[in-house]
Protein chains: 2
Amino acid sequence: MSGIEDVASLAGVSKATVSRALSGRGYVSAETRMRVSAAAASLGYVVSSSASSLVTGRTSNVGVIIPVINQWFFGSIIEGVERALLERGYDLMLYNLTKSHEERTRVFEYFLVRKRVDAVIAVTLEITPEETKTLLALGKPIAGIGGPLEGIPTLSIDDVAAARLATEHLLLLGHRDIMHVGGDIDEQMDFHVHSKRLKGYMEALTGAGIPYDRDSYVATRFDIPGGYRVGKQILGDPRRRPTAIFAAADEVAIGVILAARELGISVPEELSVIGIDDHPLAELFGLTTIEQRPDLQGEQAVDWVIRQLEQPGWTPPARHTVLPARLVMRSSTASPRPRA
Amino acid sequence: MSGIEDVASLAGVSKATVSRALSGRGYVSAETRMRVSAAAASLGYVVSSSASSLVTGRTSNVGVIIPVINQWFFGSIIEGVERALLERGYDLMLYNLTKSHEERTRVFEYFLVRKRVDAVIAVTLEITPEETKTLLALGKPIAGIGGPLEGIPTLSIDDVAAARLATEHLLLLGHRDIMHVGGDIDEQMDFHVHSKRLKGYMEALTGAGIPYDRDSYVATRFDIPGGYRVGKQILGDPRRRPTAIFAAADEVAIGVILAARELGISVPEELSVIGIDDHPLAELFGLTTIEQRPDLQGEQAVDWVIRQLEQPGWTPPARHTVLPARLVMRSSTASPRPRA
DNA sequence: TCCTCGTCTGCAAACGCTTCCAGAATCCTA
DNA sequence: TAGGATTCTGGAAGCGTTTGCAGACGAGGA
């Protein structure tokens, strides 16, 4: 494995010049630069990132902390982040932080601090003020997807508003009997996504003068089988069946649609269903939904941290950034049929 | 940010002793070790990984090259790899290598070589002999998921055998008119997964004395909408409709089932469907399938590379390792109905 | 012509660790 | 009691870069 010294002697210059030629910092004559590049290429030389970061103090790594990988929302974020980082010459260190408190501490106090990353992107991670202080003390840029988070730039859609928008769409169609299938409030994800979406739903109902009935909210797992299970329950009981269901995520909504189909309940004639996300499967099921773009959220977070790294003085938005979430109308929602 | 020197003077020892105490290498008295640890903790000291790897030559990073993230198979692999690495104190550097040749070269020639990782795990990546040579020349352990790959330990299920098993299951039930919905041979993934599964299908047919008809293989995208689209085509034409369909992946199979449902064709009474993967949704759809466990594949690959790193002399299996893939029977397959 | 300024290059000092080496202290065994 | 083995510690070299500083050179302005 050849070092900078070898390149230097092959090119007939000093180590310093090699370093300058290859990194593009400082003065180097065009002719010298060519010679150095040629020498480096012919030796297959690549700088040692450890040596380099030892002296510069930068690693060219960005740490991403994420609770789940194998789910559309999170996978899309990773894709977006990866793409943006690669483009800018940074590498991605992935930390899959599951619920376990022990793991969390380990990552926070050990891995991240360990001078391994230049910046951190925390996905759906409710960082405590103390942890925030630790992180900020490191002087490393941080950005969060989710939020808001005190002291850290964050971005996300407005969950309350999105849920309200979805519910209002149903109300506008004339539905009055609308159920909400959401996440389990007790098994909360960080940032209370579940309660926020529930809140938006309630607000919309209230706005329309419809009293909120405790029974009209049902919790389940945030995936297709979860939606299916609950769908079977709700729709299986004719007395309980609403004219519309607002599911807190497209996967849940799709589960509900599958349940409806199985019960012979036609969507949207007998039941309207709306979700949130605009999941890739939404189109196949004709699912009306509220679109969000997690991949762009990832890119945006990358942009924030890298800008901070590379443009001294630049600072990201101090407050939480709210992303647009728009209604995508498809064929799973319609006006309720007049009651028989 | 405190360095080893600070810890040393606080504990009243030399840097050398601090290093030994904290890393657990070499002799240190119990009493000294305690004092050093206490000092380190009180200063919030963490070793600089760049400095450390500069002298030791190890980074404690493992690079993972993967073509897709947001798909069950690949996401599961990442989860498995991440879990196994974290457990052993390594960090995961993620490289999402999409089709683009340029990106590929960049990652290979630049990122990986850049003394940033101790080992590489290549997922479904057909590494050329030249690239293999480059990688091996780096002296870094490599493992591949997929394969076989000359000179690199790899693991995967036997795609031909799995496809044969699936098809034979249908044959055993009495089906003779079996179509195969697979990936596009021209838009091949690496390692020719598509053609291998097609081959297993053909072998099974031949074994049963059934001539292979070109029209009985249809290519589509490897996802639910892809399966759905093709399903609609095939099943929509009564003259073309087979009694059974072997889909090369569960997602495709589920798409086919959805198409069948929509056309009022009941599964398994009028149509048997089998897939490969045992995708989380398989159970919901009662899908009979061939199970594989990508997460375990990831863990296994990690085990190989880390063992090589930590147990000098240990070598992974020289040849391709074939993983078991077993039939999981559910309710999407049955004997064909006697023809009217 | 002289001086200044911008361009180019090399020397050498860090960067923060790990580890080789040697010396001191303690322990065991003959 | 002597001698060797074992345990513990510190000094210092070195890992492979980047970068501040200073010197050399040529060009342009006064």
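Please read these numbers as outputs of a predicted model, since none were measured by experiment. Protein chains get the first letters and strands the later ones, always in sequence-line order, with residue 1 at the start of each.
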Inset, instruction - Mind listing the closest non-hydrogen atom pair of A:Ala21 and A:Val28 along with its distance? - result: N-CG2, 3.7 Å
Inset, instruction - Indicate whether any N or O donor in one side chain lies under 3.5 Å from an N or O acceptor in the other, for B:Ser52 and B:Ser49. - result: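 There is no such pair (donor and acceptor under 3.5 Å, judged by atom type) between the side chains of B:Ser52 and B:Ser49.
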Legend entry - Donor-acceptor pair between B:Gln308 and B:Trp304 side chains, under 3.5 angstrom: no
Under 4.0 Å between a side-chain N/O of [X] and OP1 or OP2 of [N], yes or no?
X       : N      : value
B:Ser29 : D:dT9  : yes
B:Ser14 : D:dG10 : yes
A:Ser53 : D:dT17 : no

Inset, instruction - Compare all side-chain heavy atoms of B:Arg33 with those of B:Ser37 and state whether any distance is below 4.5 angstrom. - result: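 A side-chain contact exists here, since the closest heavy-atom pair is under 4.5 Å.
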Legend entry - B:Val13 side chain reached by B:Val18 side chain, heavy atoms, under 4.5 Å: yes
Inset, instruction - Could you identify which residues of residues 15-23 of chain A place a heavy atom less than 4.0 Å from some atom of DNA chain C, listed by residue number, or say none? - result: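 Of all residues in residues 15-23 of chain A, the ones placing a heavy atom under 4.0 Å from DNA chain C are A:Ala16, A:Thr17, A:Arg20.
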Inset, instruction - With heavy atoms under 4.0 Å as the rule, sort B:Ser50 into base, sugar-phosphate or nothing. - result: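 The residue B:Ser50 makes no contact with any strand.
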List the atom pairs, with distances to 0.1 Å, where a side-chain N or O of residues 72-80 of chain B and a protein N or O form a donor-acceptor pair under 3.5 Å, not counting sequence neighbours.
| residue | atom | partner | partner atom | Å |
| --- | --- | --- | --- | --- |
| B:Trp72 | NE1 | B:Ser76 | OG | 3.3 |
| B:Ser76 | OG | A:Asn70 | ND2 | 2.9 |
| B:Ser76 | OG | B:Trp72 | O | 2.8 |
| B:Glu79 | OE2 | A:Asn70 | N | 3.2 |

What's the [atom1]-[atom2] distance between [X] and [N], to the nearest Å?
X       : N      : atom1 : atom2 : result
B:Arg25 : D:dT9  : CZ    : P     : 17 Å
B:Arg58 : D:dG16 : CZ    : C1'   : 18 Å
A:Ile4  : D:dC15 : CD1   : P     : 14 Å
A:Glu31 : C:dT9  : CD    : P     : 8 Å
A:Glu5  : C:dG10 : CD    : P     : 12 Å

Counting heavy atoms from C-beta on, name the nucleotide in [options] closest to the side chain of [X].
X       : options                : result
B:Tyr45 : D:dT9, D:dG16, C:dC17  : C:dC17
A:Thr56 : C:dG10, C:dC17, D:dT19 : D:dT19
A:Thr32 : C:dC17, D:dT17, C:dT9  : C:dT9

Legend entry - First encountered from the 5' end of DNA chain D, between B:Leu54 and B:Tyr27: B:Tyr27
Legend entry - N/O donor-acceptor pair under 3.5 Å between A:Lys140 side chain and A:Val117 backbone: yes
Inset, instruction - Indicate yes or no for a side-chain donor-acceptor contact from A:Asp118 to the backbone of A:Val62 under 3.5 Å, with no hydrogens or angles considered. - result: no
Inset, instruction - Could you tell me, to 10°, how much the axis swings from one end of the helix from C:dT1-D:dA30 to C:dA30-D:dT1 to the other, five pairs per end? - result: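 Helix axis angle between the two ends: 40°.
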Legend entry - OG1 on A:Thr154 to CD on A:Gln297, rounded to 0.5 Å: 11.0 Å
